[in-house]
Amino acid sequence: MAEHITPRSTSYSDWYVDIVLKAQLADYSPVKGSMVIRPRGYALWERMQSALDGMFKATGHQNAYFPLLIPESFLHKEAQHVEGFAPELAVVTHGGGEKLEEPLVIRPTSETIIWSMYRKWIQSWRDLPLLINQWANVVRWEKRTRLFLRTTEFLWQEGHTAHATEDEAREETLRMLEVYRTFAEEYMAMPVLTGVKSESEKFAGAVNTYAIEALMQDRRALQAGTSHFLGQNFAKAFDVQFQNRESALEYVWATSWGVSTRLVGALIMAHSDDNGLIVPPKLAPTELVLIPIFRSNNREQVLPAAEKLADELRKEFRIVVDDDESNSPGWKFAEWEMRGVPLRIEMGPRDLENGQVTMVRRDTGEKEAVALDAAGARARALLDEIQQNLYQRALEFRGANTHYPATWDEMAALYQGEDAPGGFAVAPWDGDAATEALIKEETKATIRVLPFGNEEEARGKTCIRSGKPARHMAVFAKAY
RNA sequence: CGGGAUGUAGCCUAGUGGCUAAGGCGCCUGCUUUGGGAGCAGGAGAUCGGAGGUUCGAAUCCUCUCAUCCCGACCA
């Protein structure tokens with residue numbers, strides 16, 4: 001079924017597509033730009049959802065569900081918002097066989113429908129803060145799509161909060177950014193940079209957009225999550241006011257924040273290799289695969305022993321026993337490696353003679369013999385090590401591919417030409433959108449984030465491109 | 001949306017105007033096997049991406065169209 005994956009060195013994008021299709025994470029659907037998430041891909045998303053959902057609840061948020069269809073006029077209420085999203089809207093013009101009086105847009109995001117409701121629900125300071133999240137699908141008509149990374153329809157989570165004060169809303173924005181960072185690093189084993197987006201990269205309708213940015217193995221950056229401080233923009237557009245303790249009317253302060261099934265793509269590109277998918281243990285739907293190895297003359301010894309061990313391990317781990325007799329052990333090794341299961345346990349006659357099993361790590365391929373009665377403890381330790389190692393490996397990779405060019409020539413060389421090194425470039429910027437655009441035109445690299453505290457670091461320096469006084473230390477990269 | 005490439009069975013590929021579209025992998029049946037993608041035998045599976053045209057005859061030539069991949073402009 002799944003034999004050959006294009007090596008990363010041959011074609012990184014072919015490699016990526018091969019993994020998605022051959023590990024059966026997703027498949028193309030009949031509609032351009034959209035995809036079917038298959039059970040193995042969806043299981044990854046479910047584990048991400050469950051971890052994130054717990055973190056959202058722990059920070060006081062509640063889930064709700066708002067409808068898919070939004071009156072077109074709602075989008076127009078916030079000028080920046082409609083300008084940003086108009087090109088990618090899917091619009092429903094007919095329903096029940098009749099032309100609709102007002103077209104309905106399929107949500108590209110839910111700020112407008114949610115704030116139209118918040119207007120009804122918020123009257124008093126006692127109604128605040130309002131902390132709501134929803135898990136939903138959204139549609140954005142994309143010109144160029146890629147499995148998981150950019151599809152016309154995708155699944156995501158969008159938090160929408162309303163606050164009495166600017167400080168509180170800003171705090172919330174950063175709190176959720178921190179939740180995303182923690183999730184990326186601790187669960188996905190993927191180090192991320194955090195910071196604020198430049199004006200040209202921010203969300204349509206936001207005052208500030210913050211993001212987590214990760215570096216993929218092809219040295220391109222991927223925006224893996226965003227958190228927006230929306231100021232009073234949507235409150236004013238939808239006339240959402242509350243009475244404060246002094247009985248005065250004030251507009252509400254807002255945030256929104258989201259991560260999507262793009263994270264599945266990020267996970268693949270951050271860790272996987274030419275043998276297939278690699279999934280960090282905390283997110284792996286299956287942590288252990290047990291492969292019994294037997295012949296017809298010893299199958300009665302091996303299989304029961306394997307079942308016994310599996311029953312034991314099942315109490316603590318998500319484990320699958322592959323005792324299918326129609327595939328050879330070698331085939332199974334390759335197959336389960338491609339599926340990304342973090343730890344394989346082999347149990348054959350030679351192991352049983354020695355009262356042991358053989359454990360093989362997916363991240364390094366290292367094999368070791370483990371005494372049967374120590375299997376659970378050793379598996380736990382190895383899974384922890386794998387989780388750590390994946391993070392360390394990605395962190396070292398990012399370190400090795402983060403550059404601090406001293407001159408414009410040095411910086412340009414990072415991105416120009418076939419064999420350009422790519423990666424992150426940290427460099428002083430004058431804060432001018434025109435300079436940013438010029439850099440993008442010349443190198444294809446964009447400002448990914450302006451890290452926290454970057455202004456102080458920029459003091460006294462001059463812009464890498466314009467030579468004018470620098471206002472920011474910006475992180476540049478070619479991005480997905 | 002512009003430029004390039006590709007499209008033949010579930011997957012990979014051969015066939016470049018002429019007989020019933022060929023092979024490998026996978027799949028099904030049976031036997032035999034099982035420590036890095038096993039072997040033998042038999043079998044099922046294709047309106048050659050779709051539509052239209054040229055021709056006595058089209059997978060093959062022409063036009064249009066759709067999809068995927070790559071490169072650009074726009075974006076989680």
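Predicted model only: the values in this text are computed from it and were never measured. Proteins get letters first, then strands, A, B, ... in listed order; numbering begins at 1 in each.
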Is there a side-chain contact between [X] and the phosphate of [N], meaning an N or O under 4.0 Å from OP1 or OP2?
| X | N | answer |
| --- | --- | --- |
| A:Tyr16 | B:C69 | no |
| A:Lys143 | B:C71 | no |
| A:Arg146 | B:C70 | yes |
| A:Ser13 | B:C70 | yes |
| A:Arg144 | B:G2 | no |

Taking atom [atom1] in both [N] and [M], what distance in whole Å separates the two?
| N | M | atom1 | answer |
| --- | --- | --- | --- |
| B:C11 | B:G26 | P | 15 Å |
| B:C19 | B:A59 | C1' | 16 Å |
| B:G10 | B:G53 | P | 28 Å |

Do A:Arg175 and A:Thr173 get their side chains close enough for a donor-acceptor pair, meaning under 3.5 Å? no
If you check every side-chain atom of A:Pro329, which of B:G35, B:G72, B:C69 has the closest atom? B:G35
May I ask you to say what A:Glu337 touches in the nucleic acid, namely base, sugar-phosphate or nothing, with a heavy-atom cut-off under 4.0 Å?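 The residue A:Glu337 makes base contact.
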Ranking A:Glu88 and A:Asn275 by the position along RNA chain B of their nearest nucleotide, the one closer to 5' is A:Asn275
Is NZ or CZ of A:Arg344 both nearer than 6.0 Å to the six-membered ring centre of A:Phe333 and within 45° of the ring axis?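 Verdict for A:Phe333: a cation-pi partner in A:Arg344.
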Could a donor-acceptor pair under 3.5 angstrom be found where the side chain of A:Ser328 meets the base of B:A38? no
What about A:Asn327, does its side chain sit under 3.5 Å from the base of B:G37 through a donor-acceptor pair? no
Listed pairs, N/O of protein and of nucleotides 5-8 of chain B, under 3.5 Å:
none

